[in-house]
Protein chains: 2
Amino acid sequence: MGATKTEHFTDKQNAMAGIAKALGHPARIAIIDYLLKVDTCICGDIVNELPLAQPTISQHLKELKNAGLIKGTIEGTAVCYCIDEKTLEKFQNYFKNIANKLEKKKNNCC
Amino acid sequence: MGATKTEHFTDKQNAMAGIAKALGHPARIAIIDYLLKVDTCICGDIVNELPLAQPTISQHLKELKNAGLIKGTIEGTAVCYCIDEKTLEKFQNYFKNIANKLEKKKNNCC
DNA sequence: AACATTTATCGTAATATTGCAATATAATAA
DNA sequence: TTATTATATTGCAATATTACGATAAATGTT
């Protein structure tokens, strides 16, 4: 087939997978990195930073936005993008929880 | 085209994207969840837990293993899989770093 | 208005992923 | 040895992703 069977998994699982998927491309990680590096919130000069064409960057930005990882506000001709902390926090909490559970077990396996 | 241009990004970016990509599927999140839930380290009854055929599960396990997120040791006929904390920690640290940097900026954007 | 600038969308080719049936492999049991 | 059980691999169809040229849309400038 080829399509992910999302309906068989919990909302939480689909949500976490969705965020992870959005982060699952080096260009999108690079965009996040860049947004962190620059002090002022960034517009479209990500195109100059990354070795990808403008439509490709725009597409990656869209995916990050759909996943809730960044948000953008129109500012004149340009669009100002920045990291959306809420989603990142949700994602981070998921892993914090995993780490906590693992700590309790203390490697009683493999 | 269609292939990711990994060569244009840093090793770190590719590494983080690789881990995220492996986590970017609900079935693989579900596998991680399941590995956490069961006290004893798990073998192949993940097949009974998830609504996917055995070859599909095996494939997902392989991807998680390739990403370093789980490790498996042969135990008779079965294979005992469990979470590899080191990779998870690396991933978590990446986000902890992001959160720290964001804290310093205190939303001076968008 | 005409033009420049910035970002988004469309269309499309190349490639990757997802899922499974069939089959192979490996270890144990009878 | 012959089953049995557990997992992996192969091959393939359906679908998704990646990347980009061409073009559109929106705003600002002259």
Side-chain angles (χ1 to χ4, degrees), chain A residues 1-9 13-14 17-31 34-35 40-67 70-82 110, chain B residues 1-9 13-14 17-31 34-35 40-67 70-82 110:
Chain A
M1 315 282 157
T4 298
K5 292 187 162 182
T6 47
E7 69 275 15
H8 293 309
F9 304 100
Q13 286 168 343
N14 281 314
I19 299 171
K21 194 176 187 178
L23 291 167
H25 192 291
R28 294 194 287 267
I29 291 283
I31 289 173
Y34 185 64
L35 281 171
T40 79
C41 187
I42 218 46
C43 357
D45 43 16
I46 304 171
V47 174
N48 298 317
E49 191 75 8
L50 298 186
L52 294 167
Q54 181 268 322
T56 309
I57 302 280
S58 185
Q59 204 172 262
H60 283 308
L61 285 168
K62 192 180 174 185
E63 267 170 84
L64 285 170
K65 205 163 96 185
N66 283 343
I70 63 174
K71 48 189 172 179
T73 51
I74 294 165
E75 200 150 287
T77 331
V79 173
C80 169
Y81 280 115
C82 70
C110 292
Chain B
M1 317 275 153
T4 298
K5 292 187 160 181
T6 48
E7 69 276 14
H8 293 308
F9 304 100
Q13 286 168 343
N14 281 312
I19 299 171
K21 193 175 187 179
L23 291 167
H25 192 290
R28 295 195 286 268
I29 291 283
I31 289 172
Y34 186 63
L35 281 171
T40 78
C41 185
I42 216 47
C43 358
D45 43 17
I46 304 171
V47 175
N48 298 316
E49 191 74 7
L50 298 186
L52 293 168
Q54 180 268 322
T56 308
I57 302 280
S58 184
Q59 203 173 263
H60 283 309
L61 285 168
K62 192 179 172 184
E63 266 170 86
L64 285 170
K65 206 163 94 184
N66 284 344
I70 62 173
K71 48 189 172 179
T73 51
I74 295 165
E75 200 151 287
T77 333
V79 172
C80 169
Y81 280 114
C82 71
C110 291

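All values below come from the heavy atoms of this structure, side chains included, with hydrogens, waters and symmetry mates left out. In this text the structure is predicted, and so the values were computed from the model without any measurement. Below, chains carry the letters A, B, ... as their sequence lines are ordered, and counting in each starts from 1.
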(request) For the side chain of A:R28, starting at C-beta, report the closest nucleotide among C:dT18, D:dT18, D:dA16. (result) D:dT18
(request) Report yes if at least one side-chain N or O of B:Y81 is closer than 4.0 Å to OP1 or OP2 of D:dA8; otherwise report no. (result) yes
(message) Once hydrogens and angles are ignored, does a donor-acceptor distance under 3.5 Å link the base of C:dA8 to the side chain of A:Q59?
(response) no
(message) Using the side-chain heavy atoms of B:L52, tell me which of these nucleotides is nearest: C:dC20, C:dT7, D:dT9.
(response) C:dC20
(request) Starting at NZ of A:K21, measure out to CZ of A:R28 and round the result to the nearest 0.5 Å. (result) 9.0 Å
(message) Any donor-acceptor pair, under 3.5 Å, between the side chain of B:Q54 and the base of D:dA8, if you only look at N and O atoms?
(response) yes
(request) Would you please classify the geometry between the A:H25 ring and the A:H60 ring as parallel, tilted or perpendicular, with 30° and 60° separating the classes? (result) tilted
(message) Is the phosphate of D:dT17 approached by A:H60 (side-chain N or O, under 4.0 Å from OP1 or OP2)?
(response) no
(request) Let me know the distance between CG of B:D45 and C1' of D:dT7, rounded to the nearest Å. (result) 13 Å
(request) Rounded to the nearest 0.5 Å, what's the gap from CG on B:L61 to CG on B:L35? Could you check? (result) 7.5 Å
(message) Heavy-atom nearest nucleotide on DNA chain D for A:K21 versus A:A53: which residue maps closer to 5'?
(response) A:K21
(message) Here's a test of your reading of the structure: between B:V47 and A:A27, which maps to the more 5' nucleotide of DNA chain D?
(response) B:V47
(request) Measure the spacing between CD1 of A:I31 and CG of A:L64 and express it to the nearest 0.5 Å. (result) 5.5 Å
(request) Return the value, rounded to whole Å, for the distance between atom CD1 of B:I46 and atom P of D:dA6. (result) 14 Å
(request) Calculate the interatomic distance between A:H25 atom NE2 and D:dT17 atom C1'; express it in whole Å. (result) 8 Å
(message) Rounded to whole Å, please give me the gap between CD1 in B:I31 and P in C:dT18.
(response) 11 Å
(message) Measuring from atom CD1 of A:I46 to atom CD of A:Q54, what distance do you get when rounded to the nearest 0.5 angstrom?
(response) 11.0 Å
(request) Figure out the CD/C1' separation between A:E63 and C:dT7, and round it to whole Å. (result) 16 Å
(message) Output the rounded distance in Å from NZ (A:K65) to P (C:dA8).
(response) 6 Å
(request) Mind calculating the distance between CG (A:L61) and P (D:dA19) to the nearest angstrom? (result) 13 Å
(request) Check whether any side-chain N or O of B:T56 sits under 4.0 Å from OP1 or OP2 of C:dG19, and answer yes or no. (result) no
(request) Verify the contact: side-chain N or O of B:K62 to OP1 or OP2 of D:dT9, cut-off strictly under 4.0 Å; return yes or no. (result) yes
(request) Starting at atom CD1 of B:I57, determine the distance to atom P of C:dC20, rounded to an integer number of angstrom. (result) 9 Å
